[in-house]
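Keep in mind that this is a model prediction, so the values were computed, not measured. Position 1 is the first residue of the sequence; numbering continues from there.
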Amino acid sequence: MAEFWVYENQTHRYVRVHRRTCCMCNNGRGIHAAASGHNGRWHAAETREQAMMLAQRLGQPVVADCATCGS
């Protein structure tokens with residue numbers, strides 16, 4: 001099971017790194033039950049280091065840890 005998730009918001013051009021237990025992440029399901037997937041997508045990572053490397057490779061101008069869980 002992935003311990004970290006990277007959320008890429010393609011509409012607002014940012015990336016956030018979350019712990020799987022974060023209430024904003026919900027183990028890669030997010031907070032919107034019926035999300036369309038048009039605004040963003042979730043990417044799984046086993047370690048924080050892998051999550052940060054993935055976040056950087058996505059190419060969005062803003063990359064940060066989640067303000068809720070602090071990943």
Side-chain angles (χ1 to χ4, degrees):
M1 178 182 299
E3 290 297 316
F4 292 86
W5 286 85
V6 177
Y7 179 70
E8 177 186 15
N9 186 301
Q10 297 156 328
T11 302
H12 298 288
R13 303 194 63 212
Y14 69 83
V15 175
R16 294 288 183 268
V17 176
H18 299 265
R19 294 183 184 276
R20 71 176 174 82
T21 56
C22 176
C23 64
M24 302 301 282
C25 171
N26 196 20
N27 203 28
R29 291 186 301 266
I31 60 172
H32 303 291
S36 67
H38 292 152
N39 290 327
R41 56 189 172 160
W42 290 93
H43 308 271
E46 293 301 318
T47 66
R48 185 176 187 289
E49 292 78 22
Q50 288 174 346
M52 290 305 289
M53 287 177 21
L54 171 61
Q56 294 295 328
R57 282 196 313 261
L58 291 172
Q60 299 297 347
V62 178
V63 175
D65 289 325
C66 170
T68 301
C69 68
S71 72

Task: Backbone N/O of His12 and side chain of Asn9: donor-acceptor pair under 3.5 Å - done: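 Checking the backbone N and O of His12 against the side chain of Asn9, a donor-acceptor pair under 3.5 Å is found.
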Which heavy atom of [X] sits nearest to which heavy atom of [Y], and what is that distance?
X     : Y     : value
Gly30 : Asn26 : O-CB, 3.3 Å
Ile31 : Cys23 : CG2-O, 3.4 Å
Ala44 : Leu54 : O-CD2, 4.2 Å
Gly40 : Tyr7  : CA-OH, 3.5 Å
Val17 : Ala51 : CG1-CB, 3.8 Å

Open item on the list: Tell me whether the rings of Trp42 and His18 are parallel (<30°), tilted (30 to 60°) or perpendicular (>60°).
Closed with: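 Plane angle between 30° and 60°, so tilted.
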Nearest 0.5 Å, please: how far is [atom2] in [Y] from [atom1] in [X]?
X     : Y     : atom1 : atom2 : result
Gln56 : Met53 : CD    : CE    : 10.5 Å
Asn27 : Arg20 : CG    : CZ    : 6.0 Å
Arg41 : Leu58 : CZ    : CG    : 6.5 Å
Tyr14 : Glu8  : OH    : CD    : 11.0 Å
Glu3  : Arg19 : CD    : CZ    : 9.0 Å
Phe4  : Cys69 : CZ    : SG    : 8.0 Å

Open item on the list: Can you confirm whether more than 12 heavy atoms, excluding those of Met52, are under 6.0 Å from its CE atom?
Closed with: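 It does: Met52 CE has more than 12 such atoms within range.
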Task: Hphob cluster co-occupancy, Met1 + Met24, side-chain heavy atoms under 4.5 angstrom - done: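 Met1 and Met24: separate clusters.
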